[in-house]
Amino acid sequence: MNQDLSGVRRELIAGRDTERNLPYYLHGLAGAYYRMANYNLAMQYTSFAEAVSEGELKLAEKTKEYASAVRELIGLLSDENKEPVDYEAGITALNSMRREITVAMQALTAYTDRLYLHEYALQRMIPGMEGTVEDIDSYAALEEISAYLFCDEEQEGLMARVASVVAELPIRMTKAKFLEWVRNTASVYKDSDEDTLDRVFYMLYSASGLYEPDGMELFPECREALDFLNSLDYRSITEEQYRVATQKLDAVTGVIASVSEGYYSLMELVNSLMTIFLTEAYVMSEDIEAVKGCKEVYRLVRFDKDFWDDGMIKAFEAFEGMPEKTEELLVREEGYLDELPVDAKMLDAMMQKTLYTRVQYAKRLHTTSLFVELEESEKKAGSFDSLLDAFCEEMSKVLENGQRAVNRGIMARVIQCLPLPFTRKSDIQKYVLATLENCHDMSEKTAALRAIRELTEGI
(Lines give C-alpha, C1' and ligand atoms only; values in the text may rest on other atoms or scores of the structure.)
Protein backbone atom coordinates (compact mmCIF):
# COMPACT_ATOMS: atom_id res chain seq x y z
CA MET A 1 0.00 0.00 0.00
CA ASN A 2 2.77 2.45 0.87
CA GLN A 3 4.52 2.00 -2.47
CA ASP A 4 2.29 4.61 -4.13
CA LEU A 5 1.59 6.81 -1.09
CA SER A 6 3.53 9.69 -2.62
CA GLY A 7 1.42 9.52 -5.76
CA VAL A 8 -1.79 9.60 -3.74
CA ARG A 9 -0.47 12.57 -1.78
CA ARG A 10 0.28 14.47 -5.01
CA GLU A 11 -3.26 13.78 -6.21
CA LEU A 12 -4.64 15.02 -2.90
CA ILE A 13 -2.66 18.25 -2.94
CA ALA A 14 -3.83 18.80 -6.52
CA GLY A 15 -7.42 18.37 -5.29
CA ARG A 16 -8.16 15.29 -7.41
CA ASP A 17 -10.46 12.46 -6.25
CA THR A 18 -10.30 13.56 -2.61
CA GLU A 19 -13.03 11.19 -1.42
CA ARG A 20 -10.94 8.18 -2.42
CA ASN A 21 -7.45 9.53 -1.90
CA LEU A 22 -7.82 11.09 1.56
CA PRO A 23 -8.87 7.91 3.43
CA TYR A 24 -6.26 5.92 1.49
CA TYR A 25 -3.50 8.38 2.37
CA LEU A 26 -4.47 8.69 6.03
CA HIS A 27 -4.69 4.91 6.46
CA GLY A 28 -1.28 4.58 4.79
CA LEU A 29 0.29 7.09 7.20
CA ALA A 30 -1.45 5.48 10.17
CA GLY A 31 0.05 2.15 9.13
CA ALA A 32 3.52 3.66 8.78
CA TYR A 33 3.34 5.28 12.22
CA TYR A 34 2.00 1.99 13.64
CA ARG A 35 4.93 0.02 12.22
CA MET A 36 7.54 2.58 13.29
CA ALA A 37 6.13 2.75 16.82
CA ASN A 38 6.23 -1.05 17.11
CA TYR A 39 9.83 -1.21 15.87
CA ASN A 40 10.81 1.51 18.34
CA LEU A 41 8.89 -0.09 21.20
CA ALA A 42 10.48 -3.49 20.65
CA MET A 43 13.95 -1.96 20.87
CA GLN A 44 13.10 0.48 23.67
CA TYR A 45 11.33 -2.08 25.84
CA THR A 46 14.15 -4.61 25.49
CA SER A 47 16.76 -1.99 26.42
CA PHE A 48 14.61 -0.76 29.32
CA ALA A 49 14.01 -4.24 30.73
CA GLU A 50 17.68 -5.16 30.36
CA ALA A 51 18.86 -1.95 32.07
CA VAL A 52 16.46 -2.50 34.99
CA SER A 53 17.33 -6.18 35.40
CA GLU A 54 21.07 -5.46 35.41
CA GLY A 55 20.76 -2.56 37.83
CA GLU A 56 21.90 0.06 35.34
CA LEU A 57 18.55 1.84 35.58
CA LYS A 58 17.16 2.30 39.07
CA LEU A 59 13.47 3.13 39.29
CA ALA A 60 11.87 5.18 42.06
CA GLU A 61 8.57 3.95 43.53
CA LYS A 62 6.41 6.08 41.24
CA THR A 63 8.33 5.07 38.13
CA LYS A 64 7.95 1.43 39.18
CA GLU A 65 4.17 1.95 39.13
CA TYR A 66 4.36 3.41 35.64
CA ALA A 67 6.64 0.59 34.48
CA SER A 68 4.15 -1.97 35.76
CA ALA A 69 1.27 -0.25 33.93
CA VAL A 70 3.32 -0.09 30.73
CA ARG A 71 4.14 -3.79 31.04
CA GLU A 72 0.43 -4.63 31.28
CA LEU A 73 -0.42 -2.51 28.24
CA ILE A 74 2.38 -4.07 26.20
CA GLY A 75 0.99 -7.46 27.18
CA LEU A 76 -2.23 -6.55 25.36
CA LEU A 77 -0.25 -6.25 22.11
CA SER A 78 1.23 -9.74 22.33
CA ASP A 79 -0.19 -12.45 20.07
CA GLU A 80 -0.81 -14.45 23.25
CA ASN A 81 -3.57 -12.03 24.25
CA LYS A 82 -6.85 -13.42 22.88
CA GLU A 83 -9.11 -10.86 24.58
CA PRO A 84 -10.40 -7.81 22.66
CA VAL A 85 -8.31 -4.73 23.38
CA ASP A 86 -10.03 -1.58 24.65
CA TYR A 87 -7.92 0.92 22.72
CA GLU A 88 -9.81 3.94 24.07
CA ALA A 89 -9.13 2.90 27.68
CA GLY A 90 -5.47 2.38 26.77
CA ILE A 91 -5.23 5.82 25.18
CA THR A 92 -6.81 7.41 28.25
CA ALA A 93 -4.38 5.62 30.59
CA LEU A 94 -1.36 6.52 28.47
CA ASN A 95 -2.44 10.14 28.11
CA SER A 96 -2.77 10.35 31.89
CA MET A 97 0.72 8.87 32.30
CA ARG A 98 2.15 11.35 29.79
CA ARG A 99 0.68 14.28 31.72
CA GLU A 100 1.92 13.01 35.09
CA ILE A 101 5.42 12.26 33.80
CA THR A 102 5.56 15.67 32.12
CA VAL A 103 4.57 17.41 35.37
CA ALA A 104 7.27 15.48 37.25
CA MET A 105 9.93 16.31 34.66
CA GLN A 106 8.99 20.00 34.62
CA ALA A 107 9.39 20.07 38.40
CA LEU A 108 12.76 18.31 38.22
CA THR A 109 13.89 20.75 35.54
CA ALA A 110 12.86 23.71 37.72
CA TYR A 111 14.83 22.28 40.65
CA THR A 112 17.81 21.72 38.36
CA ASP A 113 17.69 25.35 37.20
CA ARG A 114 17.64 26.63 40.78
CA LEU A 115 20.31 24.27 42.02
CA TYR A 116 22.56 25.31 39.12
CA LEU A 117 22.61 28.86 40.50
CA HIS A 118 24.09 27.56 43.76
CA GLU A 119 26.50 25.35 41.84
CA TYR A 120 27.65 28.47 39.98
CA ALA A 121 28.30 30.25 43.29
CA LEU A 122 30.07 27.29 44.89
CA GLN A 123 32.30 26.57 41.90
CA ARG A 124 33.70 30.08 42.01
CA MET A 125 34.84 29.42 45.57
CA ILE A 126 36.81 26.29 44.72
CA PRO A 127 40.24 27.94 44.14
CA GLY A 128 39.94 29.83 47.43
CA MET A 129 38.87 26.74 49.36
CA GLU A 130 41.58 24.59 47.78
CA GLY A 131 44.32 27.21 48.03
CA THR A 132 44.91 27.21 44.25
CA VAL A 133 44.13 30.87 43.48
CA GLU A 134 46.16 32.23 40.54
CA ASP A 135 47.56 35.73 40.23
CA ILE A 136 45.74 36.57 37.00
CA ASP A 137 46.75 39.50 34.83
CA SER A 138 43.61 40.77 33.10
CA TYR A 139 45.37 41.79 29.88
CA ALA A 140 47.15 38.46 29.58
CA ALA A 141 43.83 36.70 30.22
CA LEU A 142 42.17 38.84 27.53
CA GLU A 143 44.83 37.78 25.06
CA GLU A 144 44.30 34.12 25.98
CA ILE A 145 40.52 34.39 25.66
CA SER A 146 40.75 36.34 22.38
CA ALA A 147 42.84 33.56 20.83
CA TYR A 148 39.96 31.18 21.54
CA LEU A 149 37.16 33.53 20.50
CA PHE A 150 38.70 34.59 17.20
CA CYS A 151 40.25 31.30 16.15
CA ASP A 152 38.22 31.48 12.93
CA GLU A 153 36.08 34.09 11.18
CA GLU A 154 32.91 32.05 10.77
CA GLN A 155 30.22 34.26 12.34
CA GLU A 156 27.94 31.60 13.77
CA GLY A 157 30.79 29.77 15.47
CA LEU A 158 32.19 33.05 16.79
CA MET A 159 28.91 34.10 18.44
CA ALA A 160 28.48 30.64 19.97
CA ARG A 161 31.96 30.92 21.51
CA VAL A 162 31.25 34.45 22.75
CA ALA A 163 28.01 33.29 24.39
CA SER A 164 29.79 30.43 26.19
CA VAL A 165 32.59 32.72 27.37
CA VAL A 166 30.19 35.44 28.55
CA ALA A 167 28.38 32.82 30.64
CA GLU A 168 31.64 32.00 32.47
CA LEU A 169 33.10 35.48 32.89
CA PRO A 170 32.71 37.18 36.28
CA ILE A 171 29.51 39.25 36.28
CA ARG A 172 29.95 42.77 37.58
CA MET A 173 26.71 44.64 36.93
CA THR A 174 24.41 46.64 39.11
CA LYS A 175 20.76 45.59 39.17
CA ALA A 176 19.82 48.66 37.11
CA LYS A 177 22.52 48.00 34.51
CA PHE A 178 21.52 44.35 34.22
CA LEU A 179 17.81 45.11 33.75
CA GLU A 180 18.74 47.72 31.14
CA TRP A 181 20.79 45.03 29.35
CA VAL A 182 17.80 42.66 29.45
CA ARG A 183 15.40 45.25 28.05
CA ASN A 184 17.76 46.31 25.28
CA THR A 185 18.77 42.84 24.10
CA ALA A 186 15.28 41.34 24.44
CA SER A 187 13.84 44.08 22.22
CA VAL A 188 14.69 42.01 19.12
CA TYR A 189 11.67 39.84 20.00
CA LYS A 190 9.25 42.79 20.14
CA ASP A 191 7.43 41.84 16.93
CA SER A 192 7.66 38.07 17.36
CA ASP A 193 4.66 35.77 17.20
CA GLU A 194 2.96 34.27 20.26
CA ASP A 195 4.83 30.94 20.08
CA THR A 196 8.23 32.65 19.93
CA LEU A 197 7.40 34.93 22.85
CA ASP A 198 6.18 31.98 24.88
CA ARG A 199 9.43 30.12 24.22
CA VAL A 200 11.66 33.13 24.96
CA PHE A 201 9.99 34.00 28.25
CA TYR A 202 9.93 30.36 29.31
CA MET A 203 13.73 30.32 28.85
CA LEU A 204 14.14 33.55 30.81
CA TYR A 205 11.99 32.39 33.72
CA SER A 206 13.77 29.03 33.79
CA ALA A 207 17.27 30.49 33.59
CA SER A 208 16.57 32.92 36.41
CA GLY A 209 15.02 30.27 38.68
CA LEU A 210 11.63 32.02 38.55
CA TYR A 211 9.80 29.18 36.81
CA GLU A 212 7.39 27.59 39.31
CA PRO A 213 5.61 24.62 37.68
CA ASP A 214 3.15 22.24 39.28
CA GLY A 215 4.62 19.16 40.92
CA MET A 216 7.43 20.73 42.96
CA GLU A 217 5.96 19.03 46.04
CA LEU A 218 6.59 15.61 44.46
CA PHE A 219 10.30 15.80 45.32
CA PRO A 220 10.75 16.77 49.01
CA GLU A 221 14.44 15.79 48.94
CA CYS A 222 15.04 18.43 46.28
CA ARG A 223 13.14 21.05 48.28
CA GLU A 224 15.14 20.22 51.42
CA ALA A 225 18.47 20.57 49.61
CA LEU A 226 17.42 23.81 47.96
CA ASP A 227 16.20 25.27 51.27
CA PHE A 228 19.56 24.41 52.86
CA LEU A 229 21.50 26.10 50.05
CA ASN A 230 19.23 29.14 50.17
CA SER A 231 20.00 29.46 53.89
CA LEU A 232 23.76 29.76 53.33
CA ASP A 233 25.50 33.11 53.74
CA TYR A 234 27.94 33.03 50.82
CA ARG A 235 29.72 36.13 52.08
CA SER A 236 31.02 34.35 55.17
CA ILE A 237 30.77 30.67 54.31
CA THR A 238 33.16 28.42 56.25
CA GLU A 239 35.11 25.49 54.84
CA GLU A 240 32.83 23.09 56.73
CA GLN A 241 29.68 24.73 55.37
CA TYR A 242 31.21 24.69 51.89
CA ARG A 243 31.99 20.99 52.21
CA VAL A 244 28.48 20.13 53.41
CA ALA A 245 26.93 22.32 50.70
CA THR A 246 28.85 20.63 47.89
CA GLN A 247 28.01 17.20 49.28
CA LYS A 248 24.29 18.05 49.44
CA LEU A 249 24.41 19.52 45.96
CA ASP A 250 26.18 16.46 44.52
CA ALA A 251 23.74 14.12 46.27
CA VAL A 252 20.57 15.86 45.11
CA THR A 253 21.79 16.31 41.53
CA GLY A 254 22.57 12.59 41.50
CA VAL A 255 19.01 11.85 42.64
CA ILE A 256 17.59 14.15 39.96
CA ALA A 257 19.73 12.52 37.26
CA SER A 258 18.67 9.02 38.30
CA VAL A 259 14.96 9.83 38.58
CA SER A 260 15.02 11.79 35.31
CA GLU A 261 16.64 8.88 33.48
CA GLY A 262 13.79 6.64 34.60
CA TYR A 263 11.17 9.14 33.47
CA TYR A 264 12.88 9.67 30.10
CA SER A 265 12.99 5.94 29.44
CA LEU A 266 9.36 5.52 30.45
CA MET A 267 8.25 8.43 28.27
CA GLU A 268 9.85 6.76 25.25
CA LEU A 269 7.81 3.63 25.94
CA VAL A 270 4.62 5.59 26.60
CA ASN A 271 4.94 7.60 23.37
CA SER A 272 5.49 4.49 21.25
CA LEU A 273 2.66 2.66 22.99
CA MET A 274 0.31 5.58 22.56
CA THR A 275 1.04 5.76 18.84
CA ILE A 276 0.22 2.06 18.52
CA PHE A 277 -3.05 2.42 20.45
CA LEU A 278 -4.00 5.51 18.40
CA THR A 279 -3.47 3.82 15.04
CA GLU A 280 -4.05 0.07 15.46
CA ALA A 281 -7.77 0.26 14.59
CA TYR A 282 -6.88 1.80 11.20
CA VAL A 283 -4.00 -0.36 9.96
CA MET A 284 -4.04 -2.92 7.16
CA SER A 285 -3.19 -6.62 7.26
CA GLU A 286 0.27 -5.98 5.76
CA ASP A 287 1.06 -3.58 8.62
CA ILE A 288 0.12 -6.23 11.20
CA GLU A 289 2.21 -8.80 9.35
CA ALA A 290 5.19 -6.43 9.34
CA VAL A 291 5.28 -6.21 13.15
CA LYS A 292 4.92 -9.89 14.04
CA GLY A 293 8.53 -9.99 15.18
CA CYS A 294 7.84 -7.04 17.51
CA LYS A 295 4.93 -8.85 19.13
CA GLU A 296 7.17 -11.84 19.73
CA VAL A 297 9.71 -9.53 21.40
CA TYR A 298 6.99 -8.24 23.73
CA ARG A 299 6.06 -11.79 24.67
CA LEU A 300 9.63 -12.87 25.33
CA VAL A 301 10.51 -9.81 27.40
CA ARG A 302 7.37 -10.16 29.50
CA PHE A 303 8.35 -13.72 30.33
CA ASP A 304 11.88 -12.61 31.28
CA LYS A 305 13.62 -14.45 28.49
CA ASP A 306 17.36 -13.94 28.19
CA PHE A 307 18.08 -10.89 26.06
CA TRP A 308 20.44 -12.96 23.91
CA ASP A 309 18.06 -15.93 23.67
CA ASP A 310 17.85 -17.48 20.17
CA GLY A 311 14.13 -16.71 20.07
CA MET A 312 14.79 -13.06 20.83
CA ILE A 313 17.43 -12.82 18.12
CA LYS A 314 15.09 -14.40 15.57
CA ALA A 315 12.29 -12.03 16.60
CA PHE A 316 14.51 -9.02 15.90
CA GLU A 317 15.75 -10.54 12.64
CA ALA A 318 12.12 -10.76 11.47
CA PHE A 319 11.96 -6.98 11.03
CA GLU A 320 15.60 -6.25 10.25
CA GLY A 321 15.92 -3.33 7.83
CA MET A 322 12.24 -2.39 8.11
CA PRO A 323 12.66 0.53 10.59
CA GLU A 324 15.01 2.32 8.20
CA LYS A 325 12.59 2.00 5.26
CA THR A 326 9.61 3.09 7.34
CA GLU A 327 11.50 6.07 8.75
CA GLU A 328 12.48 7.10 5.22
CA LEU A 329 8.81 7.02 4.22
CA LEU A 330 7.74 9.11 7.22
CA VAL A 331 10.48 11.68 6.75
CA ARG A 332 9.36 12.06 3.14
CA GLU A 333 5.64 12.40 3.88
CA GLU A 334 5.45 14.22 7.22
CA GLY A 335 6.20 17.59 5.74
CA TYR A 336 3.16 17.36 3.49
CA LEU A 337 0.58 16.41 6.12
CA ASP A 338 -0.22 20.00 7.07
CA GLU A 339 -0.41 21.00 3.40
CA LEU A 340 -3.33 18.73 2.59
CA PRO A 341 -6.27 20.82 1.31
CA VAL A 342 -8.67 19.69 4.03
CA ASP A 343 -10.67 21.48 6.70
CA ALA A 344 -12.87 20.44 9.62
CA LYS A 345 -16.05 20.60 7.54
CA MET A 346 -14.63 18.29 4.86
CA LEU A 347 -13.23 15.85 7.43
CA ASP A 348 -16.59 15.69 9.17
CA ALA A 349 -18.45 15.12 5.92
CA MET A 350 -16.08 12.31 4.93
CA MET A 351 -16.04 10.87 8.48
CA GLN A 352 -12.24 11.15 8.56
CA LYS A 353 -11.81 13.63 11.41
CA THR A 354 -10.88 11.05 14.06
CA LEU A 355 -8.36 9.34 11.81
CA TYR A 356 -6.87 12.66 10.67
CA THR A 357 -6.52 13.81 14.31
CA ARG A 358 -4.89 10.56 15.35
CA VAL A 359 -2.42 10.72 12.48
CA GLN A 360 -1.55 14.27 13.56
CA TYR A 361 -1.01 13.04 17.13
CA ALA A 362 1.17 10.19 15.83
CA LYS A 363 3.22 12.72 13.88
CA ARG A 364 3.87 14.74 17.04
CA LEU A 365 4.72 11.65 19.05
CA HIS A 366 7.20 10.68 16.34
CA THR A 367 9.33 13.79 16.93
CA THR A 368 12.54 13.70 18.95
CA SER A 369 10.86 15.85 21.62
CA LEU A 370 9.68 13.27 24.15
CA PHE A 371 7.46 15.71 26.02
CA VAL A 372 5.74 17.24 23.00
CA GLU A 373 2.22 18.43 23.72
CA LEU A 374 -0.53 16.78 21.70
CA GLU A 375 -2.88 19.72 22.18
CA GLU A 376 -2.04 23.40 21.98
CA SER A 377 -1.15 24.70 25.43
CA GLU A 378 -2.20 28.01 26.87
CA LYS A 379 0.39 30.67 26.15
CA LYS A 380 1.44 33.48 28.47
CA ALA A 381 -1.10 36.22 27.92
CA GLY A 382 0.02 39.72 27.06
CA SER A 383 2.02 41.83 24.66
CA PHE A 384 5.81 41.76 24.46
CA ASP A 385 6.05 44.93 26.56
CA SER A 386 3.75 43.62 29.30
CA LEU A 387 5.57 40.25 29.41
CA LEU A 388 8.96 41.97 29.59
CA ASP A 389 7.76 44.38 32.29
CA ALA A 390 6.43 41.47 34.36
CA PHE A 391 9.68 39.54 34.03
CA CYS A 392 11.85 42.54 34.91
CA GLU A 393 9.67 43.35 37.91
CA GLU A 394 10.06 39.81 39.27
CA MET A 395 13.74 39.82 38.41
CA SER A 396 14.21 43.08 40.30
CA LYS A 397 12.69 41.56 43.46
CA VAL A 398 14.90 38.49 43.21
CA LEU A 399 18.07 40.55 42.78
CA GLU A 400 17.03 42.90 45.59
CA ASN A 401 16.58 40.07 48.08
CA GLY A 402 19.07 37.50 46.80
CA GLN A 403 22.69 36.90 47.68
CA ARG A 404 25.26 38.48 45.43
CA ALA A 405 27.02 35.19 44.60
CA VAL A 406 23.74 33.62 43.44
CA ASN A 407 22.57 36.80 41.72
CA ARG A 408 25.67 36.70 39.55
CA GLY A 409 24.73 33.20 38.44
CA ILE A 410 21.25 34.42 37.57
CA MET A 411 22.64 37.31 35.53
CA ALA A 412 25.07 35.03 33.70
CA ARG A 413 22.33 32.56 32.71
CA VAL A 414 19.85 35.24 31.62
CA ILE A 415 22.49 37.04 29.55
CA GLN A 416 23.31 33.73 27.86
CA CYS A 417 19.64 33.30 26.86
CA LEU A 418 19.45 36.65 25.07
CA PRO A 419 21.07 37.89 21.85
CA LEU A 420 24.44 39.45 22.51
CA PRO A 421 24.74 43.16 21.65
CA PHE A 422 28.27 42.98 20.23
CA THR A 423 28.79 43.95 16.60
CA ARG A 424 32.58 44.37 16.47
CA LYS A 425 35.60 42.49 17.71
CA SER A 426 36.62 45.51 19.78
CA ASP A 427 33.20 45.52 21.55
CA ILE A 428 33.69 41.90 22.59
CA GLN A 429 37.22 42.50 23.84
CA LYS A 430 36.15 45.62 25.70
CA TYR A 431 33.44 43.67 27.53
CA VAL A 432 35.79 40.78 28.41
CA LEU A 433 38.46 43.15 29.74
CA ALA A 434 35.94 45.16 31.77
CA THR A 435 34.58 42.07 33.52
CA LEU A 436 38.08 40.85 34.35
CA GLU A 437 39.30 44.25 35.54
CA ASN A 438 36.23 44.80 37.74
CA CYS A 439 36.50 41.42 39.46
CA HIS A 440 38.68 41.70 42.57
CA ASP A 441 37.75 38.28 43.96
CA MET A 442 40.73 36.26 42.75
CA SER A 443 39.08 32.93 43.56
CA GLU A 444 36.15 33.78 41.30
CA LYS A 445 38.46 35.17 38.64
CA THR A 446 40.59 32.03 38.72
CA ALA A 447 37.54 29.75 38.53
CA ALA A 448 36.12 31.73 35.60
CA LEU A 449 39.36 31.55 33.62
CA ARG A 450 39.70 27.83 34.29
CA ALA A 451 36.15 27.27 33.05
CA ILE A 452 36.97 29.20 29.87
CA ARG A 453 40.16 27.19 29.41
CA GLU A 454 38.04 24.03 29.50
CA LEU A 455 36.02 25.46 26.61
CA THR A 456 39.20 25.97 24.58
CA GLU A 457 40.06 22.28 24.90
CA GLY A 458 37.16 21.49 22.57
CA ILE A 459 38.68 23.25 19.54
Side-chain angles (χ1 to χ4, degrees), residues 108-138 141-142 144-145 148-149 160-173 178 203 206-210 221-222 224-257 260 398-399 402-417 431-432 434-458:
L108 288 171
T109 301
Y111 276 120
T112 300
D113 288 331
R114 297 180 188 194
L115 290 166
Y116 170 84
L117 302 174
H118 290 281
E119 181 183 24
Y120 179 98
L122 290 168
Q123 283 184 338
R124 275 143 182 74
M125 297 178 177
I126 291 175
M129 291 294 175
E130 294 181 344
T132 58
V133 172
E134 299 176 28
D135 184 15
I136 295 172
D137 178 85
S138 297
L142 172 63
E144 184 179 345
I145 293 169
Y148 165 65
L149 290 176
R161 290 192 296 276
V162 172
S164 61
V165 165
V166 166
E168 298 297 347
L169 284 168
I171 297 293
R172 289 298 182 272
M173 284 189 191
F178 170 70
M203 286 193 305
S206 296
S208 58
L210 287 170
E221 65 272 50
C222 296
E224 186 275 330
L226 187 59
D227 287 345
F228 172 80
L229 293 167
N230 285 335
S231 71
L232 290 175
D233 184 350
Y234 282 98
R235 294 167 302 179
S236 57
I237 190 171
T238 66
E239 287 190 26
E240 176 62 17
Q241 289 174 322
Y242 170 82
R243 182 185 62 78
V244 172
T246 53
Q247 287 176 348
K248 278 188 175 287
L249 184 61
D250 288 345
V252 75
T253 52
V255 168
I256 290 175
S260 297
V398 168
L399 297 177
Q403 296 195 62
R404 184 177 298 173
V406 177
N407 286 350
R408 287 168 180 167
I410 293 172
M411 291 180 181
R413 289 203 78 194
V414 170
I415 286 172
Q416 193 177 22
C417 288
Y431 177 82
V432 172
T435 59
L436 292 171
E437 286 281 88
N438 291 328
C439 178
H440 303 295
D441 182 335
M442 295 308 290
S443 178
E444 182 181 359
K445 200 169 184 177
T446 299
L449 189 58
R450 286 176 182 172
I452 293 170
R453 283 170 179 162
E454 287 183 11
L455 296 174
T456 68
E457 293 173 3

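All of these numbers come straight from a predicted model, not from anything done at the bench. Every heavy atom of this structure was used, including side-chain atoms; hydrogens, water molecules and symmetry mates were not.
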>> Tell me the closest heavy-atom pair linking Leu108 and Ser260, and the distance in Å.
In response: CD1-OG, 3.6 Å
> If you measure from the Lys or Arg side-chain nitrogens to the Asp or Glu carboxylate oxygens, is any gap between Lys445 and Glu437 under 4.0 Å?
Replying inline: no
>> Using the side chain to side chain contact (heavy atoms under 4.5 Å, CB included) definition, which of the options Gln241, Met125, Arg404 pairs with Tyr234?
In response: Met125
> Between Ala167 and Ala412, which heavy-atom pair has the shortest distance, and what is it?
Replying inline: O-CB, 3.7 Å
> Roughly how far, to the nearest 0.5 Å, is CG of Asp250 from CD of Glu119?
Replying inline: 8.0 Å
>> Please evaluate residues Arg172 and Asp441 with respect to the criterion side-chain contact (heavy atoms from CB on, under 4.5 Å), reporting the C-alpha separation (whole Å), side-chain torsions for both, the decisive distance (0.1 Å), and the verdict.
In response: CA-CA 11 Å; Arg172 289 298 182 272; Asp441 182 335; 4.1 Å; yes
> About how many Å separate CZ of Arg408 and CG of Leu399, when rounded to the nearest 0.5 Å?
Replying inline: 12.0 Å
>> Can you give me the closest heavy-atom contact between Glu134 and Met442, atom names plus distance?
In response: O-CE, 3.4 Å
>> side-chain contact (heavy atoms from CB on, under 4.5 Å) for Asp233 and Gln403? Distances and angles first, verdict last.
In response: CA-CA 8 Å; Asp233 184 350; Gln403 296 195 62; 3.8 Å; yes
> What are the two closest non-hydrogen atoms of Ile171 and Glu444, and how far apart are they?
Replying inline: N-OE2, 4.2 Å
> Are more than 12 heavy atoms from other residues, nucleotides or ligands located less than 6.0 Å from atom CZ of Arg243?
Replying inline: yes
> Does a side-chain heavy-atom distance below 4.5 Å link Val162 with Val432?
Replying inline: no
> Distance from Leu117 atom CG to Leu122 atom CG, nearest 0.5 Å?
Replying inline: 11.0 Å
> Which atom pair, heavy atoms only, marks the closest approach of Ser208 to Val414?
Replying inline: CB-CG2, 3.9 Å
> Roughly how far apart are Met173 CE and Asn438 CG, rounded to 0.5 Å?
Replying inline: 10.5 Å
> Passes side-chain contact (heavy atoms from CB on, under 4.5 Å), Ile126 versus Thr132? Steps please.
Replying inline: CA-CA 8 Å; Ile126 291 175; Thr132 58; 5.5 Å; no
>> I need the Asn230 CG to His118 NE2 distance, nearest 0.5 Å.
In response: 4.0 Å
> After noting the C-alpha distance and the side-chain angles of Val166 and Tyr431, does the key distance pass the side-chain contact (heavy atoms from CB on, under 4.5 Å) rule?
Replying inline: CA-CA 9 Å; Val166 166; Tyr431 177 82; 4.0 Å; yes
>> What I want to find out is whether Glu130 reaches Arg450 closely enough, with some N-O distance under 4.0 Å, to be called a salt bridge.
In response: no
>> Counting only heavy atoms from other residues, nucleotides and ligands, does the tally under 6.0 Å from CG of Asp227 exceed 12?
In response: yes
> Does Ser206 reach the side chain of Thr109, with side-chain heavy atoms less than 4.5 Å apart?
Replying inline: no
> Between Leu169 and Tyr120, which heavy-atom pair has the shortest distance, and what is it?
Replying inline: O-OH, 3.8 Å
> Nearest 0.5 Å, what's the CG-CZ distance between Leu232 and Phe228?
Replying inline: 5.0 Å
> Is Arg413 positioned over the aromatic face of Tyr116, cation under 6.0 angstrom from the ring centre and no more than 45 degrees off axis?
Replying inline: yes
>> Using a 3.5 Å distance criterion without hydrogens, assess whether the side chain of Arg114 forms a donor-acceptor pair with backbone atoms of Gly209.
In response: yes
